Amino acid sequence: MILVVGGAGYIGSHFVEELIKEQEVLVLDNFSTGHKHLLNEKAQFIEGNLGDEQLLNDIFSNYKINAVIHFAASSLVGESVLNPMKYYENNVSATITLLKVMMEHHVKKFIFSSTAATYGIPTTDFITEETAINPINPYGKSKLMVEWMLEDFSKSYGLSYVILRYFNAAGAHVNGRIGENHSPETHLIPIVLEHLLGIRESISVFGNDYPTEDGTCIRDYIHVTDLANAHLLSLNALLENKIHTDVFNLGNGSGYSVMEVIKTCEDVTKKSASIVIEARRTGDPSRLVASSEKITATLGWKPVFDLVSIVETAWKWHSSRI
Ligand SMILES: NC(=O)c1ccc[n+]([C@@H]2O[C@H](COP(=O)([O-])OP(=O)(O)OC[C@H]3O[C@@H](n4cnc5c(N)ncnc54)[C@H](O)[C@@H]3O)[C@@H](O)[C@H]2O)c1
Ligand SMILES: O=c1ccn([C@@H]2O[C@H](COP(=O)(O)OP(=O)(O)O[C@H]3O[C@H](CO)[C@@H](O)[C@H](O)[C@H]3O)[C@@H](O)[C@H]2O)c(=O)[nH]1
């Protein structure tokens with residue numbers, strides 16, 4: 001059985017949707033940002049907190065867990081600046097408890113959701129795993145701290161792991177059952193689509209004076225099912241002992257500006273957006289685009305969805321919910 005921590009969240013639920021076709025799945029989630037309606041009915045479920053050592057001990061005693069996939073985290077950059085304690089508690093401290101109980105129960109296969117935010121403000125056009133790591137906010141730092149712990153736990157306790165650094169997760173499952181449902185929503189694509197559905201009055205564009213062609217920030221949008229498939233490949237490589245430890249970027253390798261994303265949403269929905277240019281959002285690098293060549297070369301992973309199909313799947317999900 002595979003334990004998926006945070007499996008009621010956006011990315012975790014899309015992973016469970018694929019994993020359930022291959023494995024028995026147990027989800028642990030406290031619904032702090034996740035939702036019951038995102039759970040897959042074939043997965044077993046326990047409601048509880050990742051940092052609850054007694055609960056974790058019970059889980060690892062009662063189920064034969066072969067590997068843990070860890071999606072649970074607080075993940076709003078702005079909130080992490082205002083309330084770093086929450087981020088170090090939920091992302092670092094609770095993860096220490098999980099790893100401690102795993103080691104006690106001799107469960108030594110682990111996949112960790114890391115982020116492009118660990119790179120901070122990169123000076124290179126395409127970010128590889130060799131690009132300097134320099135997070136500029138508590139969220140990115142909390143993820144990097146866990147990465148460092150994993151390295152040390154591997155050396156000292158034989159932990160085997162894959163770290164996946166996602167760029168901008170977006171889109172919804174093609175089956176239309178699950179999709180992105182953050183509250184508050186801070187991500188660009190769902191915000192634009194909510195506006196085009198009439199739920200928001202306008203779209204705020206945070207800064208048009210960046211050193212990019214149209215002055216707005218460039219990001220690498222990657223479909224959530226492409227992310228899920230990268231986890232499946234990583235899990236199988238760990239279970240078959242083909243990987244002991246590794247770290248991979250996950251992106252499409254193409255950058256789109258905020259204005260280009262809005263235009264794509266307009267084209268897909270055949271609606272026109274009302275835009276308000278606002279001040280820059282603190283901590284936004286001008287450009288974050290991945291090179292994912294390493295995971296392609298190592299595991300054969302290739303993203304399938306481009307920006308148009310990301311927006312199409314997201315639109316299907318958002319428009320079905322009103
Ligand atoms: N969304 C993105 O673009 C993105 C990009 C890079 C990295 N990530 C990382 O991917 C992971 C998943 O992101 P998401 O967008 O699906 O977030 P999400 O908030 O939708 O999912 C997180 C899930 O974890 C659960 N959770 C949080 N703290 C918990 C705790 N202490 N105990 C039990 N459950 C807990 C939440 O209830 C939720 O279901 C996170 O680790 C995030 O940092 C996300
Ligand atoms: O209403 C909005 C929302 C966003 N943006 C801009 O759109 C871009 C994308 O923003 P957003 O969708 O919030 O994603 P990011 O801030 O790039 O962060 C995401 O992607 C990172 C990896 O690249 C992850 O670490 C984070 O967890 C995840 O939220 C940024 O330039 C924002 O300034 C706007 O202009 N208006």
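Order of appearance sets the numbers: ligands from 1, and atoms from 1 within every ligand. Computed from a predicted structure; not experimentally measured. In what follows, every heavy atom counts, from backbone to side chain, and hydrogens, waters and symmetry copies are set aside.
Closest to atom 37 (O) of ligand 1, if we only count protein heavy atoms, is D29 OD1, 2.6 Å. In terms of protein heavy atoms, atom 20 (O) of ligand 1 is closest to Y10 N, 2.9 Å. Regarding atom 31 (N) of ligand 1, its nearest protein heavy-atom neighbour is N90 OD1, 2.7 Å. Annotation: atom 17 (O) of ligand 1 to nearest protein heavy atom, H182 NE2, 3.7 Å. Regarding atom 35 (C) of ligand 1, its nearest protein heavy-atom neighbour is N30 OD1, 3.1 Å. For atom 5 (C) of ligand 1, the nearest protein heavy atom (residue, atom name, distance) is F167 O, 3.4 Å. For atom 21 (O) of ligand 1, the nearest protein heavy atom (residue, atom name, distance) is G9 CA, 3.4 Å.
Taking K64 as the reference, nothing meets the salt bridge (charged side-chain N to carboxylate O under 4.0 Å, His left out) condition, with sequence neighbours excluded. Partners of Y63 by ring pair (Phe, Tyr, Trp, His ring centres under 6.0 Å), not counting sequence neighbours: none found. Qualifying side-chain hydrogen bond (donor to acceptor under 3.5 Å, both in side chains) partners for Y119, counting only residues two or more places apart in sequence or in other chains: R165, N249.
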### Task
Tell me, with the steps shown, if D152 and Y157 meet side chain to side chain contact (heavy atoms under 4.5 Å, CB included).
CA-CA 8 Å; D152 291 336; Y157 312 130; over 6 Å; no
### Query
Please walk me through it: do T216 and N208 pass side chain to side chain donor-acceptor pair (under 3.5 Å)?
CA-CA 5 Å; T216 64; N208 66 351; over 6 Å; no
### Task
Report the C-alpha separation of I59 and L28 in whole Å, then their side-chain angles, then the decisive distance to 0.1 Å, and conclude whether the side chain to side chain contact (heavy atoms under 4.5 Å, CB included) test is met.
CA-CA 9 Å; I59 290 174; L28 170 67; 4.2 Å; yes
### Task
I would like to know whether E180 and H14 meet side chain to side chain donor-acceptor pair (under 3.5 Å); could you show each step before the answer?
CA-CA 10 Å; E180 190 163 10; H14 285 76; over 6 Å; no
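Salt bridge E266/K271: absent, no basic N to carboxylate O contact under 4.0 Å.
Hydrophobic clustering of Ile, Leu, Val, Met, Phe, Trp and Tyr side chains at less than 4.5 Å, counting indirect connections, unites I275 with V192. In this structure, V107 is not a member of the same hydrophobic cluster as L235, with clusters built from ILVMFWY side-chain heavy atoms closer than 4.5 Å. Residues F110 and M1 are members of one and the same hydrophobic cluster, defined by side-chain heavy-atom contacts under 4.5 angstrom among Ile, Leu, Val, Met, Phe, Trp and Tyr.
Below 3.5 Å of separation, one finds an N or O of A169 facing an N or O of ligand 1. No N or O atom of G12 sits closer than 3.5 Å to an N or O atom of ligand 1. Between L50 and ligand 1, at least one pair of N/O atoms sits closer than 3.5 Å. On a distance-only criterion, K143 and ligand 1 share at least one N/O pair closer than 3.5 Å. Annotation: S32 places an N or O atom under 3.5 Å from an N or O atom of ligand 1; distance criterion only. Considering backbone and side-chain N/O of I11, one or more are found under 3.5 Å from N/O of ligand 1. Between T33 and ligand 1, at least one N/O pair is under 3.5 Å apart. Between A72 and ligand 1, no N or O atom pair is found at a separation short of 3.5 Å.
With respect to N90, the side-chain hydrogen bond (donor to acceptor under 3.5 Å, both in side chains) criterion is satisfied by exactly one of S75, S32, S142, S74: S74.
Listed by number with element, the atoms of ligand 1 under 4.0 angstrom from any heavy atom of F71 are 11 (C), 12 (C), 40 (C), 41 (O). Interface of N49 with ligand 1, defined as ligand atoms under 4.0 Å from a residue heavy atom, comprises 30 (C), 31 (N), 32 (N). Under a 4.0 Å criterion applied to the non-hydrogen atoms of T115, ligand 1 contributes the atoms 6 (C), 7 (C). Within the listing of ligand 1, atoms 37 (O) sit less than 4.0 angstrom from a heavy atom of F31. Taking a cut-off of under 4.0 Å to the non-hydrogen atoms of G34, the atoms of ligand 1 that pass are 36 (C), 37 (O), 38 (C), 39 (O). Taking a cut-off of under 4.0 Å to the non-hydrogen atoms of S114, the atoms of ligand 1 that pass are 6 (C), 7 (C). The atoms of ligand 1 that sit less than 4.0 Å from any heavy atom of G48 are 32 (N), 33 (C). Which parts of ligand 1 touch A8 is read off a 4.0 Å heavy-atom cut-off, strictly below it: atoms 39 (O).
Summarising the geometry, atom OH belonging to Y166 is positioned 7.5 Å from atom CG belonging to L250; distances are rounded to the nearest 0.5 Å. For the atom pair OH (Y139) and OG (S80), the distance works out to 9.0 Å, reported to the nearest 0.5 Å.
Across the listed options Y221, Y166, Y139, Y139 owns the non-hydrogen atom lying nearest to atom 42 (C) of ligand 1.
Annotation: ligand 2 has protein neighbours S75, T115, A116, A117, Y139, Y166, F167, N168, T186, H187, L188, I191, S204, V205, F206, C217, R219, Y221, V258, R281, D284, L288, each with a heavy atom less than 4.0 angstrom from the ligand.
Contacts between V5 and ligand 1, counted as non-hydrogen atom pairs separated by less than 4.0 Å, are absent for every part of the residue.
More than 12 heavy atoms of other residues, nucleotides or ligands shown are found within 6.0 angstrom of CD on E240.
Side chains of L196 and C265 form a contact here, defined as non-hydrogen atoms less than 4.5 Å apart.
Ring geometry for W317 against H37 counts as parallel: the plane angle stays under 30°, on a 0 to 90° scale with 60° as the upper cut.
For the pair R219 and Y256, the cation-pi criterion (under 6.0 Å, within 45° of the ring axis) is not fulfilled.
P303 approaches G251 most closely through the heavy-atom pair CG-O, 4.0 Å.
Within the structure, ligand 1 lacks A94 among the residues with a heavy atom less than 4.0 angstrom away.
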